[in-house]
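In what follows, every heavy atom counts, from backbone to side chain, and hydrogens, waters and symmetry copies are set aside.
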Amino acid sequence: MDLSKKKLWMSSRDYIMIVVACLIYGFGFSAFILPYKVVIGGVTGLGTIVYFLTGNLYSIGITQYAINLTLLAIAWFVVGRHFVYKTVFGATAVSLVVTFMPPLFDGPLVPDEPFMSICIGSVLAGIALGIVFTHNGSTGGTDIVAAIVAKKTNVTVGRTMLYVDFAIISSSFLFFHDIASVVYGFIFLFIVSYMVDMLINTNRQAVQFIIISRRWEKIATAVNKYGRRGVTVIDGMGWYTKHPIKMLLVVCRRIESVTIFRIVKDVDSNAFITQANVNGVYGQGFDMLKFKADQELSRKLGEDEECRDEDGDDVCRSERCSDEK
């Protein structure tokens, strides 16, 4: 299988997993959450409020899809067109699921156990959303907002969803004045947020790969082209064979590590790979340093720079530099 076919298969598998995740989400919502008339967060929660006010069961999916369409333009410019493509796909899939799956359940799957039902439905929904995010997709709504915030700040996806959904669930009390429903909604919210962060590892953690392979050039090119990550080539020597080798150093998000493994396996299934967690990666393509600048240190560094030419040689003959020497 060549790299183009491999890329097509990886993309197709992402879409398949998004569909599976939407079905899991719809099952958890329809069988465990909706029968107890609990308003959850996100645009699904807004659709639920419309359903409770109008009595039209199909209004959940219709409302959800209508709101999602207004958010896609922002995601196009901030997150990227590939994310938007999968968001349109995921939003359509989940809207269809929450439109046609609820009528299949006449009542709760676990009757007379609202707390247990909410917990089960929350775990299923959290797993589903985590799967969607790990495959670079979205079901829309607060997922889009969370992805945009995670792209621009260090706030995790789960925490952003927590803030937005908290406001939506709280607003349901203004319509129905049912404090029990609000409490169950908060339980759903916290469990889903925790599950999402656990599955995608906060979407901010990074890993470091060291790859040793005779086909190192092809692997490095594939990582650049399809993994969208930089590669550093390091000279080494195998002490047993006494032969020179090339080692590839790759740093990427944990969420992207599966892609790196796929590339290496496809190019050279016998490659030697090590993976290690990295605590903090800063620079282009990763987090930005957000520490407050030290003005005195910046001044000294600027003065030191003035004392060197383009090659880094000391050319300053000022009294200050002479005294420091």
Side-chain angles (χ1 to χ4, degrees), residues 18-72 75 86-105 108-109 117-133 137-147 157-158 160-173 175-176 178 181-182 184-196:
I18 290 173
V19 171
V20 172
C22 289
L23 292 173
I24 295 174
Y25 181 90
F27 174 70
F29 172 75
S30 303
F32 298 98
I33 305 298
L34 188 62
Y36 285 104
K37 298 186 180 301
V38 175
V39 175
I40 62 176
V43 292
T44 304
L46 295 175
T48 303
I49 293 177
V50 175
Y51 159 59
F52 291 153
L53 292 175
T54 62
N56 184 1
L57 189 59
Y58 297 104
S59 62
I60 300 176
I62 297 173
T63 303
Q64 183 183 45
Y65 198 64
I67 296 175
N68 282 330
L69 292 179
T70 64
L71 297 174
L72 293 177
K86 290 181 181 178
T87 300
V88 172
F89 181 81
T92 302
V94 77
S95 295
L96 291 174
V97 168
V98 299
T99 298
F100 296 105
M101 188 173 288
L104 300 178
F105 299 91
L109 205 61
S117 294
I118 298 303
C119 290
I120 295 174
S122 303
V123 171
L124 292 174
I127 292 174
L129 293 178
I131 293 174
V132 170
F133 269 101
S138 170
T139 58
T142 53
D143 294 1
I144 301 176
V145 179
V157 171
T160 303
M161 293 172 61
L162 182 69
Y163 296 153
V164 178
D165 293 345
F166 185 89
I168 295 175
I169 294 173
S170 299
S171 67
S172 68
F173 183 77
F175 296 97
F176 311 112
D178 186 356
S181 176
V182 175
Y184 285 138
F186 287 149
I187 293 173
F188 175 90
L189 172 60
F190 285 108
I191 294 178
V192 168
S193 299
Y194 174 78
M195 293 299 299
V196 169

Using the side chain to side chain donor-acceptor pair (under 3.5 Å) criterion, which residues pair with Thr92? Sequence neighbours excluded. Tyr65
Can you confirm if the aromatic rings of Tyr36 and Tyr184 lie within a centre distance of less than 6.0 Å?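 Centroid separation for Tyr184 and Tyr36: 6.0 Å or greater.
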Ser170 side chain vs Ala167 backbone, donor-acceptor pair below 3.5 Å: no
Under the 3.5 angstrom rule, does the side chain of Ser181 hit a backbone N or O of Lys37 as a donor-acceptor pair? yes
Quick one: closest heavy-atom pair of [X] and [Y], and the distance?
X      : Y      : value
Met101 : Leu23  : CE-O, 4.2 Å
Ile67  : Leu46  : CD1-CD1, 3.6 Å
Ala91  : Asn68  : CB-ND2, 3.6 Å
Val182 : Ser172 : CG2-OG, 3.7 Å
Val192 : Ala125 : CG2-CB, 4.0 Å
Pro108 : Pro35  : N-CB, 3.5 Å

Could you check whether atom CZ of Phe52 has more than 12 heavy atoms from other residues, nucleotides or ligands sitting under 6.0 Å from it? yes
Just wondering, more than 12 heavy atoms not from Phe166 lying within 6.0 Å of its CZ?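 Not more than 12 within 6.0 Å, no.
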With rounding to the nearest 0.5 angstrom, report the [atom1] to [atom2] distance, [X] to [Y].
X      : Y      : atom1 : atom2 : answer
Thr54  : Ile62  : OG1   : CD1   : 9.5 Å
Leu53  : Phe176 : CG    : CZ    : 4.5 Å
Ile168 : Ile49  : CD1   : CD1   : 7.5 Å
Phe188 : Phe32  : CZ    : CZ    : 12.5 Å
Ile169 : Ile40  : CD1   : CD1   : 8.0 Å

Do [X] and [Y] have side-chain heavy atoms sitting under 4.5 Å apart?
X      : Y      : value
Val123 : Ile191 : yes
Tyr51  : Leu34  : yes
Leu109 : Ile120 : no
Phe29  : Val38  : no
Val39  : Phe175 : no

Assess the residue pair Val97 and Tyr25 against the criterion (side-chain contact (heavy atoms from CB on, under 4.5 Å)); give the C-alpha distance rounded to whole Å, side-chain angles, the decisive distance to 0.1 Å, and a yes or no. CA-CA 8 Å; Val97 168; Tyr25 181 90; over 6 Å; no
